[in-house]
2 protein chains.
Amino acid sequence: MSRVSTSRFSTELVRSCTDLVVLALLRNRPMYGYEILVNLADRGNGEFEFQQGTLYPLLYRLEREGWIAGSWETPTTGKRRKIYSLTAEGQKAERARSKEWTRFTRAVESILEECNHE
Amino acid sequence: MSRVSTSRFSTELVRSCTDLVVLALLRNRPMYGYEILVNLADRGNGEFEFQQGTLYPLLYRLEREGWIAGSWETPTTGKRRKIYSLTAEGQKAERARSKEWTRFTRAVESILEECNHE
DNA sequence: CGACATACTATGCGGCGCATAGTATGTGAG
DNA sequence: CTCACATACTATGCGCCGCATAGTATGTCG
């Protein structure tokens, strides 16, 4: 782990799309918190090494918003865990955010290119 | 103007790259605050309609950081204005952020695609 | 001269990532 | 068996920054 010197800039980047990324992950299949943490760390080339203090409050927020729903699982072996899955609302939200994200990044790109070529 | 109901999501998106966008703009040529405001509103399909309360503090911060330098212009006609231009440090910062931004968005895209196809 | 655009300054709120700390159960090496 | 470590969730407070809001002051144009 050992999150090396997170710059403010990368913090702001992460902050801009935590919701989106988690919602997208849950489109695949329901997951519990810790599983999401590990999954994100594996993908995304180390850009998404969420702290627990980032993820869990985020999950509470998404649940409060009605976009995900959690249910406790008490397996025969292993620790109890809260499994989160996308609601119908959440699926809609994910699609909307995904589109908005694409539109926005295109706008940024056009500004960057324009300014780097003249 | 009349910024219609800015959603939290788009606020977070904007927040993630205000520095980058302004630095990129100033790569072209020096500009004063109000000019930047208008320029950004024109490009980027309405994604960057900064409030004054967003831009000016941002400029102060970038100046404090040593990335831009401001000098007062008192034209024969018209209002006095503070012209900001990129410093050498600022150019380096712009390039670095630009790269980081690209790397990051690629990571997000890969997560989005992966999750939308399975 | 009054309305509106131009142009900058100043202050405070609110949301959220992160740091930090705490709780508690499961597992595996010795 | 026990101690270290991984797993898994809960809780609290700080700090940054976009935004809202308000204020000041000089141009321009009908």
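Throughout, protein chains are lettered first and strands after them, A, B, ... in sequence-line order, and every chain is numbered starting at 1. Fair warning: this is a prediction, and the values are worked out from it, not measured in the lab.
- Atoms CD (A:Glu12) and C1' (D:dG18) sit 10 Å apart, rounded to a whole Å.
- Seen from the ring of A:Trp72, A:Arg81 does not count as a face-on cation partner, given the 6.0 Å and 45° thresholds.
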Restricting to nitrogen or oxygen on both sides, can you table the protein-nucleotides 21-26 of chain C pairs closer than 3.5 Å?
residue	atom	partner	partner atom	Å
C:dA24	N3	A:Lys79	NZ	3.2

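- Proximity note for A:Lys82 (side chain, C-beta onward) versus D:dC16, D:dC9, D:dG18: the nearest is D:dC9.
- Relative to the side chain of A:Gln51, the nucleotides D:dA8, C:dA19, D:dG18 differ in distance, and C:dA19 lies closest.
- Toward the 5' end of DNA chain D, the nearer of the two residues A:Gly33 and A:Arg8, judged by each one's closest nucleotide, is A:Gly33.
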Could you go through residues 16-24 of chain A and list every donor-acceptor pair under 3.5 Å that involves a side-chain atom there, pairing it with any protein atom two or more places apart or in another chain?
residue	atom	partner	partner atom	Å
A:Ser16	OG	A:Leu13	O	2.6
A:Asp19	OD1	A:Arg61	NH2	2.6
A:Asp19	OD2	A:Arg61	NH2	3.4
A:Asp19	OD2	A:Arg97	NH2	3.4

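- Residues A:Arg80 and B:Ser16 both approach DNA chain D. Their nearest nucleotides, taken by heavy-atom distance, put A:Arg80 toward the 5′ side.
- Interface residues of residues 54-63 of chain B facing DNA chain C, ordered by number: B:Tyr56, B:Tyr60; criterion, heavy-atom separation under 4.0 Å.
- Rounded to whole angstrom, the span from the OH atom of A:Tyr84 across to the P atom of D:dC9 amounts to 7 Å.
- Without hydrogens or angle criteria, B:Glu35 side chain to B:Tyr32 main chain gives a donor-acceptor distance under 3.5 Å.
- A:Thr18 has a side-chain polar atom (N or O) that falls below the 4.0 Å cut-off from OP1 or OP2 of C:dG17.
- Listed nucleotides: D:dC17, D:dT7, C:dC8. Nearest to the side chain of B:Arg81: C:dC8.
- Donor-acceptor pairing under 3.5 Å, judged by distance alone, is present between the side chain of A:Arg15 and the base of C:dC16.
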